[in-house]
Amino acid sequence: MADSPPHGRPSPREGLRGTSATGEPAGSPGESAGTGPTGRAAPAARRGRPDALHPGAWWLWALALGTAATRTTNPLLLGLLIAVSAYVVAARRPDAPWARSYGVFVKLALAVLLVRLVFATVLGSPIPGARVIVALPEVPLPDWAQGIRLGGKVTAEALTFALYDGLRLAALLVCVGAANSLANPSRLLKSLPGALYETGVAVVVALTFAPHLIADVQRLRAARRLRGRPDRGFRGLAQVALPVLEGALERSVALAAAMDARGYGRTAQVPPAVRRTTAALTLGGLLGVCAGTYGLLSAAGAGYGVPLLLCGLAAALAGLWLGGRRSLRTRYRPDRWDARAWLVAASGAAVAAVTALAAVRDPAALHPGVVPLVAPTLPLWPAAAVLLGLLPAFIAPAPQAPAPHKDSREEPS
Amino acid sequence: MIRFENVSVTYDGADEPTVRGIDFEVAEGELVLLAGPSGVGKSTVLGAVSGLVPHFTGGTLHGRVTVAGRDTRTHKPRELADVVGTVGQDPLAHFVTDTVEDELAYGMESLGLAPEVMRRRVEETLDLLGLAGLRDRPLATLSGGQQQRVAIGSVLTPHPRVLVLDEPTSALDPAAAEEVLAVLQRLVHDLGTTVLMAEHRLERVIQYADQVVLLPAPGEPPLSGTPREVMAVSPVCPPVVELGRLAGWSPLPLTVRDARRRAAPLRGRLADRQQHCRPPREAAPPAQAPAPRRGLFRRGTPGARTAAPAPASPVAEVRSLAVRRGRIQALRHIDLTVAPGETVALMGRNGAGKSTLLGALVGLVAPSAGSVRSAGAVPHRTRPRDLVRRVGLVPQEPRDLLYADTVAAECAAADRDAGAEPGTCRALLSGLLPGIDDATHPRDLSEGQRLTLALAVVLTARPPLLLLDEPTRGLDYAAKARLVTLLRGLATEGHAIVLATHDVELAAELADRVVLIAEGEVIADGPAAEVVTASPSFAPQVAKILAPQRWLTVGQVREALAAGEPR
């Protein structure tokens, strides 16, 4: 408060664009909110939070690791990839509700692996193999089901192939899970362009809505017990559905009122010309994208496809950018793409690039043979490259220590 | 700053205006209290200031409301967002984002403030409200008082000139309420913010108000004036005012301090009475010492109320109970016995474990160690059908207990659930509170009526142990007085009652015994008068005024004075 009046109305130079008594929003869109008192501002205000990495960097890193996983079926390399991502998650995962999704993804990956193996066992596999482990009785199927086999011989080769294949998918899932638990989803939405911000808020609200709904169901099922009715079973759930939905609806209305009263949806006055240009650019851009995609996919249009697609994309982005001028919003401590974010993203990209290169140069090492069955070996260079993915565990900011247990109930006042 | 000019609001589908002839003005920098019984339209008046009435709620508004010179007819709520900050009754319904810091910034982002300004104000607000240690915490993990402070902070950051609050302290424990009120006080004094708030618990807020606007009854025009003027005629008033009226003090005291300075003669008169009726203190060990007035001033409460040390069989028996919830140890080493006909008040901070203890008594929460017996059964292992005849709980939100779409259907369902004669529940309800129509939807009942319906539903099975969680939230003084009479009647019939409450006045009126819980442990257990008067934050106003004598309620004083009159 060093340089603003101590109370009451903020001075105009603070950048608050109130609405004047006539209903016309004061201030022109030109003096957009971000162009505050840059000259005398404390630089800290424009910096992101010290304890956070740009969520986009985490996603790029994780997706790059996932891409690397799709390039190989070597179980040792895949295991190494999973271990690397797990180590980074363990080291840098913050203590927040959304960060607990990693376990769910790991379970999902295991389930995928298991399903793949069960299918290979029961439905057979096109992989020819000589080492029969067990011969299941084969179910005779009618003619129209040709090509489908139920039961029959289960070979070691087929199982190994299924294992490698399933492991690849599982590694991909674990990488996505790592991104989910390392990057705060609501911060990611904050990085959306201005025109999409309000949609982003709606998504954030929806994200916080689900936990409320679950809590409601639990509370109302407990209340059924108080009425002397069984609190378990399907009927119990069905009978609380209506009150839960009613409650959810009421809460949404209350939230909408609160958001309205707090200025959600305030828009700046934009000259009609700009509005029309925005509409034209967005619509034209989308049309261009559609036509360009069609050109790319059809045989004849390969020549005009790419330029049309690019032009369409550019026009649509310009439309989005212009549309953002209608929104008054500013961002509070947006996450900055800093050097650490570059390094994290680059470490992921390096893993993906080296693995892809190795897959071309030395396919045998990255896709160990199944027929005939050979023990997979760890290719040295790709393995060393995968270890590059560990970099974020050391350069990303450490998560804050979880709040002590007592503090989570009552703060000392 | 805020000006109401002959405003009346009629909601769609209603025949009569909800509020009529509202005409008052709030000057800049004032703290104005909106008082009145429930259902008179206080929330409607508050909503009209922020423009939510009628822009958001629908309905017709006649007259004119201006805030800082802006007419709410032509300005939508979002266009008033920079001058009016609104906090509703439930802070959780107010939150848009998921962490404290983001929530504080949200309003400013909507208004388009520069990042430097936002950053500075968030830091200031964190300090102002004492939230600095919580800045990264998810909102859902905060306690009630913390949430309320974050909600207030989130509307403060855009520096509104007017703050509108609907029942800011009714869900809070006394300490947290004081914290919130201290913040408001600071805003009014240091920042010149204009505050308009509605609150049922006048005893907490009346002393801070510069002006009181009283809505005496639905559809009646408001009365406004200084707190003293209005309290002299108000149908709702805090105990300190009631005592002042009883003692004939003029001008009326509004604070405990005012009253204490004038209370010396009254204390003199009462000392005599108390001396007279106090039983010899040495007769019983302190833990079971009957409160001084027991049995003498509470008429119609015979044997059951004397705290006989060993009644035949306790209705509820809790032995070294511990409950864990996830990583949190919610309760530890709780020992508690409740005798038939006894009323026990559980008190303590928000989140101290009161509701968990009630949940354990009714089998919603399984103990992780120790044992619980409610009316002879182990609650979490008993089938719900059998359990309802032993123990009943009225939850914090009585609506949770009601599923049907009419009162009649709800009563019929309750009879079926409890295996009682058809008509039992309806008869109970009519006995407790006459005048509830059979065809009404439970949602359309007032807070007090809904609570009574839930109580009737629970009582249909005639459980010997009755539990109530925060029964007075949202009740006005009249509804509270009815509840007190009703619960006293039940205790006389032999029901054991355990209630978790923040309302010290209620505990003083009703409880034989008060159990204080902190961090999941019992820190005090004894006769109401002793426990309550021993702690400044839990002492009711009358006790503070007449200390060191142990009077808890105006009713006791009145009876004592009446008994002292020469006949």
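Naming: A, B, ... by sequence-line order, numbering from 1 per chain.
Heavy-atom distances place no part of B/P398 under 4.5 Å from chain A, backbone and side chain included. Both the backbone and the side chain of B/A414 come within contact range of chain A, with heavy atoms under 4.5 Å apart. Neither the backbone nor the side chain of B/A175 has a heavy atom closer than 4.5 Å to any heavy atom of chain A. Looking at B/R390, neither its backbone nor its side chain comes within 4.5 Å of chain A, counting heavy atoms on both sides. With a 4.5 angstrom heavy-atom cutoff, B/L52 touches chain A only via side-chain atoms. With a 4.5 angstrom heavy-atom cutoff, B/T382 touches chain A only via backbone atoms. The contact between B/V362 and chain A is made by backbone and side chain atoms together, counting heavy-atom distances below 4.5 Å. Contacts between B/R383 and chain A at a heavy-atom distance below 4.5 Å are absent for every atom of the residue. With a threshold of 4.5 angstrom between heavy atoms, B/V458 does not approach chain A through any atom at all.
Pairing each heavy atom of A/A223 with each of B/Y403, the nearest pair is C-OH, 3.6 Å. Heavy-atom minimum distance, B/S110 versus A/G263: CB-O, 3.4 Å.
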Side chain to side chain contact (heavy atoms under 4.5 Å, CB included) between A/R227 and B/E410, intermediate numbers included
CA-CA 11 Å; A/R227 285 290 296 263; B/E410 203 62 73; 2.8 Å; yes
Checking side chain to side chain contact (heavy atoms under 4.5 Å, CB included) for the pair B/L387/A/R225: CA distance, chi angles, key distance, verdict?
CA-CA 9 Å; B/L387 197 65; A/R225 193 181 162 84; 4.0 Å; yes
For salt bridge (Lys or Arg N to Asp or Glu O under 4.0 Å), just list the numbers for A/R262 and B/E103, CA-CA rounded to whole Å, side-chain angles, deciding distance to a tenth of an Å, and then say yes or no.
CA-CA 11 Å; A/R262 289 170 73 187; B/E103 188 63 32; 2.6 Å; yes
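Side-chain atoms of B/E109 come within 3.5 Å of backbone atoms of A/Y332 as a donor-acceptor pair (strictly under, hydrogens ignored). Without hydrogens or angle criteria, A/R333 side chain to B/R119 main chain gives no donor-acceptor distance under 3.5 Å. Although no hydrogens or angles enter the test, the distance criterion places no donor-acceptor pair under 3.5 Å between the side chain of A/T330 and the main chain of B/A114.
Residues A/M259 and B/R78 fail the side-chain proximity criterion, which asks for heavy atoms closer than 4.5 Å. Within the 4.5 Å cutoff, the side chain of A/V253 has heavy atoms near those of the B/F56 side chain.
Chosen from A/A256, A/A258, A/G228, the residue pairing most often with chain B at heavy-atom distances under 4.5 Å is A/G228. Note on B/V391, B/V122, B/T194: by heavy-atom pairs under 4.5 Å with chain A, the leading option is B/V122. Heavy-atom pairs under 4.5 Å with chain A peak, among B/A461, B/S154, B/G29, B/P395, at B/S154. Among B/H55, B/R443, B/M108, B/K76, the residue with the largest count of heavy-atom pairs under 4.5 Å with chain A is B/R443. Ranked by heavy-atom pairs under 4.5 Å with chain A, the list B/G85, B/A105, B/G359 is led by B/A105. Annotation: maximal heavy-atom pairing with chain A below 4.5 Å, among B/L187, B/V87, B/L401, occurs at B/L401.
Atom-to-atom distance recorded for B/F95:CZ and A/L255:CG is 11.0 Å, nearest 0.5 angstrom. A distance of 9.0 Å separates CG of B/D405 from CG of A/L242, quoted to the nearest 0.5 Å.
A salt bridge between A/R266 and B/D82 is present, with a side-chain N of the basic residue lying under 4.0 Å from a carboxylate O of the acidic one. By the 4.0 Å N-to-carboxylate-O rule, A/E250 lies close enough to B/R399 to be salt-bridged with it. Ion pair A/R219/B/E397 not flagged as a salt bridge, since none of the NZ, NE, NH1 or NH2 atoms sits closer than 4.0 Å to an Asp/Glu carboxylate oxygen.
Within a 6.0 Å sphere centred on CZ of B/R135, heavy atoms belonging to other residues, nucleotides or ligands number more than 12.
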